[in-house]
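For the single chain, residues carry numbers from 1 onward in sequence order. Here the structure is a predicted model, which is why all the values come from computation and not from measurement.
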Amino acid sequence: MGQQKDRGVAEVMAGGKLVMHMKAGNGECSYASSSTLQRKVILKAKPALKDAIKKMFNNGEFPQCFNMADLGCSSGPNTLFTVSNVMKILQILCHEKSCKMPEFQAYLNDLPDNDFNTIFKSIPSFYQNLKEEEDGTNCFVSGVPGSFYERRFPSKSLHLVHSSYSLHWLSQAPEKTENNNSIYITRTSPPQVFEAYTKQFEKDFSRFLQLRSEEIVSGGHMLLTVIGRSIPDPYGNHCAHLDLLSESLIDLVHEGLKDCSNGRFI
């Protein structure tokens, strides 16, 4: 299956393998400037986030330090926006239950080529805003580079795992997809292409759940926001815009303006 460079997405070679990651910086084509949809999704999922945190502390017993991990954090305004949302929810709950606000540890995880530098540069102003808005809560933010398809945290250490719009990224490209002459799965794709991607997702997601079960404390919660569809047809009309994009890229290849060697558009 060919892969195109989308707005907000970049690619590098690491260990002989093609690695996709979000485009760094704050420029016009960076992920930071192209992630308004993702921010809307985070806002839409906020009630579910609040409900999950409430369920953890129905008995009013808060830990001395609340540990959360944001998997696939990327970079830009959405990264610390999620952390801020969790802290505000905790603060409201503590006020309601007349409890002391726990210290807060946020682990930001993404692949090593993620733009962690931009995140780290924004943390001082994030801390300053906390001092002005919150009740003197101690917050500690750390970057954790590496795939979330591997163990990333100590056993039974996390109270909350959050991941938004990240789990559609597979650990690797599945095998037996060489005959798919499009940038995605279409009605003309061989059946083995659809089966290959389905099996790879099932394998990756099962591993993801197994690893997180080892890292989350008893009674901890996960909030995972994933891309899906409401109908079983994998080739529905919602992909019409991808048909147009695929046809345009193929035309560029035929005109010699793009290369599709090694199964990817360059």
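- The shortest side-chain heavy-atom distance between Ile216 and His221 does not fall under the 4.5 Å cut-off.
- When side chains are defined from C-beta on, Met87 counts as touching Cys139, because their heavy atoms get closer than 4.5 Å.
- Two residues are said to be in side-chain contact when any heavy atoms from C-beta on lie closer than 4.5 Å; Leu111 and Trp169 fail this criterion.
- Partners of Glu247 according to the side-chain hydrogen bond (donor to acceptor under 3.5 Å, both in side chains) rule, which considers only residues two or more places apart in sequence or in another chain, do not exist here.
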Hey, mind stepping through Ser171 and Asp204 against side-chain hydrogen bond (donor to acceptor under 3.5 Å, both in side chains) and telling me if it holds? CA-CA 7 Å; Ser171 65; Asp204 284 344; 2.7 Å; yes
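- The backbone N or O of Lys203 sits nowhere less than 3.5 Å from a side-chain atom of Ser206 that would complete a donor-acceptor pair.
- In this structure Tyr149 satisfies the ring pair (Phe, Tyr, Trp, His ring centres under 6.0 Å) test with no other residue, sequence neighbours excluded.
- Clustering ILVMFWY residues whenever any of their side-chain heavy atoms sit less than 4.5 angstrom apart, transitively, puts Ile92 in a cluster other than the one holding Phe104.
- A continuous path of Ile, Leu, Val, Met, Phe, Trp and Tyr side chains, each step under 4.5 Å between heavy atoms, connects Val144 with Leu224, placing both in one hydrophobic cluster.
- With sequence neighbours excluded, the residues that form a salt bridge (charged side-chain N to carboxylate O under 4.0 Å, His left out) with Arg212 are Glu215.
- For Ala196, the side-chain contact (heavy atoms from CB on, under 4.5 Å) test picks out Pro174, Thr177, with sequence neighbours left out.
- Remark: Glu96 engages no residue in a side-chain hydrogen bond (donor to acceptor under 3.5 Å, both in side chains) (not counting sequence neighbours).
- Checked against ring pair (Phe, Tyr, Trp, His ring centres under 6.0 Å), Phe201 has the following partners two or more places apart in sequence or in another chain: Phe205.
- For Phe81, the ring pair (Phe, Tyr, Trp, His ring centres under 6.0 Å) criterion is met by no residue, not counting sequence neighbours.
- A distance-only check finds a donor-acceptor pair linking the side chain of Thr198 to the backbone of Phe194 [under 3.5 Å].
- Residues Pro63 and Phe57 meet the side-chain proximity criterion, which asks for heavy atoms closer than 4.5 Å.
- Two residues are said to be in side-chain contact when any heavy atoms from C-beta on lie closer than 4.5 Å; Leu108 and Asn114 fail this criterion.
- More than 12 non-hydrogen atoms from other residues, nucleotides or ligands lie less than 6.0 angstrom from NZ of Lys156.
- The aromatic rings of Phe148 and Phe208 sit perpendicular to each other, their planes meeting at more than 60°, with 30° as the lower class boundary.
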Could you walk me through whether Asp110 and Phe116 pass the side chain to side chain contact (heavy atoms under 4.5 Å, CB included) check? CA-CA 9 Å; Asp110 213 308; Phe116 285 102; 4.1 Å; yes
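- Listed by chain and number, the residues in a salt bridge (charged side-chain N to carboxylate O under 4.0 Å, His left out) with Glu195 amount to none (sequence neighbours excluded).
- Residues Ser248 and Asp251 have side chains that never bring a donor and an acceptor to within less than 3.5 angstrom of each other.
- Here the side chains of Met68 and Tyr107 are not in contact, with every heavy-atom distance at 4.5 Å or above.
- The hydrophobic clustering, which links ILVMFWY residues whose side-chain heavy atoms are closer than 4.5 Å, places Phe140 and Ile119 apart.
- The salt bridge (charged side-chain N to carboxylate O under 4.0 Å, His left out) check on Glu150 picks up Arg207, with sequence neighbours excluded.
- Inter-residue side-chain proximity for Pro102 and Gln64 is flagged as unmet; no heavy-atom pair is nearer than 4.5 Å.
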For a side-chain hydrogen bond (donor to acceptor under 3.5 Å, both in side chains) check, start with the C-alpha distance between Asp115 and Thr118, then their side-chain angles and the critical distance, and finish with the verdict. CA-CA 6 Å; Asp115 187 9; Thr118 296; 2.5 Å; yes
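- No side-chain donor-acceptor contact under 3.5 Å links His159 to the backbone of Gly220.
- Residues that satisfy the ring pair (Phe, Tyr, Trp, His ring centres under 6.0 Å) test with Phe126, not counting sequence neighbours, are absent from this structure.
- Residues Gln200 and Gln172 are in side-chain contact: their nearest non-hydrogen atoms beyond the backbone lie under 4.5 Å apart.
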Determine all donor-acceptor pairs shorter than 3.5 Å in which one atom belongs to a side chain in residues 160-167; sequence neighbours excluded.
{"unit_1": "His162", "atom_1": "ND1", "unit_2": "Asp70", "atom_2": "OD1", "d": "2.9"}
{"unit_1": "Ser163", "atom_1": "OG", "unit_2": "Leu71", "atom_2": "O", "d": "3.0"}
{"unit_1": "Ser166", "atom_1": "OG", "unit_2": "Gly72", "atom_2": "O", "d": "3.3"}
{"unit_1": "Ser166", "atom_1": "OG", "unit_2": "Ser164", "atom_2": "O", "d": "3.2"}

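- Residues that satisfy the salt bridge (charged side-chain N to carboxylate O under 4.0 Å, His left out) test with Lys55, not counting sequence neighbours, are Asp51.
- In the hydrophobic clustering of this structure, Leu211 does not group with Val226; members are Ile, Leu, Val, Met, Phe, Trp, Tyr whose side-chain heavy atoms approach within less than 4.5 Å, directly or through other members.
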